Amino acid sequence: MPCSIPFKTHFQSSSLTFASFHPSLLCKMISTTTLSPPPTHLPSLPQTPPLSLIKTCKSMAQLKQIHSQTIRTGLISNPIVRAQIIAFCCKHELGDMEYARMVFDTMPEPNHFVWNNMIKGYSRVGCPNSAVSMYCEMLERGVMPDEYTYPFLLKRFTRDMAVKCGRELHDHIVKLGFSSNVFVQNALIHLYSLSGEVSVARGVFDRSSKSDVVTWNVMISGYNRSKQFDESMKLFDEMERMRVLPSSITLVSVLSACSKLKDLNVGKRVHRYVKDLKIEPVRVLENALIDMYAACGEMDTALGIFDNMKSRDVISWTAIVTGFTNLGQVDLARKYFDKMPERDFVSWTAMIDGYLQVNQFKEVLTLFREMQAANIKPDEFTMVSILTACAHLGALELGEWIKAYIDKNKIKIDSFVGNALIDMYFNCGNVEKAIRIFNAMPHRDKISWTAVIFGLAINGYGEEALDMFSQMLKASITPDEVTYIGVLCACTHCGMVDKGKKFFARMTTQHGIEPNVAHYGCMVDLLGRAGHLKEAHEVIKNMPVKPNSIVWGSLLGACRVHKDEEMAEMAAQQILELEPENGAVYVLLCNIYAACNRWEKLHEVRKLMMDRGIKKTPGCSLIEMNGSVHEFVAGDQVHPQSKESYSKLDEMSVDLKFAGYSPDTSEVFLDIGEEEKESAVYRHSEKLAIAFGLISSGPGVTIRIVKNLRMCVDCHYVAKLVSKVYNREVIVRDRTRFHHFRHGSCTCKDYW
DNA sequence: TTAGGGTTAG
């Protein structure tokens, strides 16, 4: 419902509209609520004048008694009495705004004091829309606001409201001549920093007298809000130069900025300030100090303050938990988390995020379940952590559940949540849903575009990824180095060597991005896949940065596919110089020797592995069924349904042999007979997971598996046949890419 | 008869 500000007296020609507001909220509140009238038969109160009684009043029940007495005695006709009753409802912690409105409606001509109190009351109870409605009503009835009105009105504004009507209200303030009032100025700085127009806020700040510490505080917190922590610091310095004494609130904001910037020096300076100026170490300030020291990794100092606090709240505890999680000391963090007397959604999310940071994804999900059992409502921060864990585990069902939860609970899908959803869907191999989320996002940032490009690329949709890239450029979003990884990855997946080279060059010439080691790795992958092994090697030799094991690993992978044992040896040697303990390299080299029938060489590497005590990482596959993640390790029988899975595997083996399957043991490098080799590949973890998937789900249900190592040729072959024989889509995410098996073929086009 | 500012997790 459009609501024009009826500012008739001063704005005859004004076109001001408050289209965004719903003053009906207020009307609704009043019309649908049954108001309890003041009680009529009550024991008589002591004969104290009602105004003094209201001042000492403790509850709404008491207020209603006083109200009723004033009605009986006729004192209610005094407008000051009604104003005080309203003021109590608007200001008191237990004040009731519905009651205030009821009394308000009995006043034929409420004065400024009453209007201001009503506005303040609605702001206090978190109904800024109703406060605006009240403001509109005030103007409509020809009462001009005064300098008290605006600080009350703006106090609880939301970002949206600030964006939509900040400028208009500023206009009113200027025209009414209140712009030099320091309280109004402070409210305006707050308003603009809320709407994200921090430079306009700064303009108001610069025009102010700057003699009031609150003005500085509002500006500093405004910079913090818009994450311009450097500016907060500069302002703090300027304050010192201008000899404005900081208050404890200034110090809290500055400490918050120090924490974000990890600026221990200024943080310590603030701490000295607290000590030298003998500022009372209130809890909020101590919390801010703990957070600053924790963020800078100084846990001993943080704990020193924590231990000496008179009283701690949930923020003090959470700051300690976060301090440890940031250092990766998740067990210590958990120790404090478990000791917390109370935990809120932030503390739970902090601990969950701690597990995420150290890649303990299962613990992430376990803790999330505990959080739910404790009846703590997660918010969008929690959702991001859980979705990220789902993405790593390939847990699509849980990810979908989170999506449904977000929808049901109307959790805001901001760009963080949107991007996490996109990542989750892509990492679980559900390209369609990832794109659906992307298309529905109102604000797509660089990260959203990059997530889509990269997601499409790793899922084998190279052409589509490049199409997205050109759409991104058309939308005037500047790509960064991560976007280009996605672009190059897309070229690799489609074997578009020339295009890839062109993009690689354009990255620098058009967007000024210097390629880093990851980009060179992509180029090696691109050339290697196409069989240009020498050229790939040339890229490594000429790259200006030191190649890492991933770059050499790409070349080694290409050598496996194109069976170039000589270059493979060289690449493997390079990797082992960098990472002598890298078991996967020995294994890959053995695979290559086995595939080339170079048994002597293979024995040498095997002996080297034994001598150096290097063990082959056991293959492990995760499969999610009915909301739980199941783990299968090659050859193990730990899973409760492993017996059934093995029986299914036997059955599969017969079915697949009818379809022409014979085991491919070319990559088995164990010195064993052919039969044993077959038995070894037979028990690979992804086969067990596929068998489990087949017995645990109905016909036509997609089987999604996440594997910790590269898929072997035999498993790849089996997955292709399963997709055909059982008419099932099988999606396997291995160490480096996705394999979507459909109707007997794979999107990786047999290169991985 | 009425005012303002702050801390924790992506």
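The chains referred to below are lettered A, B, ... by the order of the sequence lines, with proteins before strands, and numbering in each begins at 1. Keep in mind that this is a model prediction, so the values were computed, not measured.
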How would you label the contact of [X] with the nucleic acid (heavy atoms, under 4.0 Å): base, sugar-phosphate, or nothing?
X      : value
A/V417 : base
A/Q185 : nothing
A/V213 : base
A/E286 : nothing
A/S247 : base
A/N287 : base
A/N116 : base
A/D146 : base
A/V284 : base
A/D414 : base
A/S385 : nothing

Assess the side chains of [X] and [Y]: does a donor N or O sit below 3.5 Å from an acceptor N or O?
X      : Y      : value
A/T250 : A/S247 : yes
A/N224 : A/S221 : no
A/R283 : A/S311 : yes
A/R202 : A/Y192 : no

side-chain N/O [X] vs [N] OP1/OP2, d < 4.0 Å:
X      : N     : answer
A/S253 : B/dG6 : no
A/K260 : B/dT7 : no
A/Q84  : B/dT2 : no
A/K91  : B/dT2 : no

Quiz item: Cationic tip of A/K408 within the cone over A/Y405's six-membered ring, i.e. under 6.0 Å and within 45° of the normal?
Solution: no
Quiz prompt | Sub-4.5 Å side-chain heavy-atom contact between A/R82 and A/P110 | solution =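 A side-chain contact is absent here, since even the closest heavy-atom pair is not under 4.5 Å.
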Self-check item: Charged N-O contact under 4.0 Å between A/K335 and A/D331
Solution: no
Between [atom2] on [N] and [atom1] on [X], what's the gap in Å once rounded to a whole number?
X      : N      : atom1 : atom2 : answer
A/F324 : B/dA9  : CZ    : P     : 16 Å
A/K155 : B/dA3  : NZ    : C1'   : 9 Å
A/L194 : B/dG5  : CG    : P     : 12 Å
A/E380 : B/dG10 : CD    : C1'   : 9 Å
A/F183 : B/dA3  : CZ    : P     : 9 Å
A/M219 : B/dG5  : CE    : P     : 15 Å
A/L251 : B/dG6  : CG    : C1'   : 10 Å
A/Y293 : B/dT7  : OH    : P     : 19 Å

Practice problem: For DNA chain B, find the residues of residues 325-352 of chain A with a heavy-atom distance under 4.0 Å and give them by number; none if there aren't any. | Solution: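 Per residue number, the list reads A/F345, A/V346, A/T349.
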Exercise. Could you label the plane-to-plane angle of the A/Y273 and A/F236 rings as parallel, tilted or perpendicular, counting under 30° as parallel and over 60° as perpendicular?
Key: tilted
Quiz prompt | Parallel, tilted or perpendicular: ring planes of A/F337 versus A/W348, cut at 30 and 60 degrees | solution =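 Perpendicular, since the angle between the ring planes exceeds 60°.
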Would you indicate which nucleotide in [options] comes nearest to any side-chain atom of [X]?
X      : options              : value
A/Q357 : B/dT7, B/dG10, B/dA9 : B/dG10
A/D353 : B/dT7, B/dG10, B/dG5 : B/dG10
A/S256 : B/dT8, B/dA3, B/dT1  : B/dT8
A/P151 : B/dT8, B/dT1, B/dA3  : B/dA3
A/D379 : B/dG10, B/dA9, B/dT2 : B/dA9
A/F381 : B/dG10, B/dT1, B/dT7 : B/dG10
A/S221 : B/dG5, B/dG10, B/dA3 : B/dG5
A/F152 : B/dG5, B/dA3, B/dA9  : B/dA3

Exercise. Report yes if a donor N or O on one partner sits less than 3.5 Å from an acceptor N or O on the other, where the partners are the side chain of A/T250 and the base of B/dG6; otherwise report no.
Key: no
Self-check item: Any N/O donor-acceptor pair, A/N186 side-chain to B/dA3 base, under 3.5 Å
Solution: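 Checked by distance alone, the answer is no.
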Quiz item: Do any N or O atoms from the side chain of A/D313 and from the backbone of A/I315 form a donor-acceptor pair under 3.5 angstrom?
Solution: yes
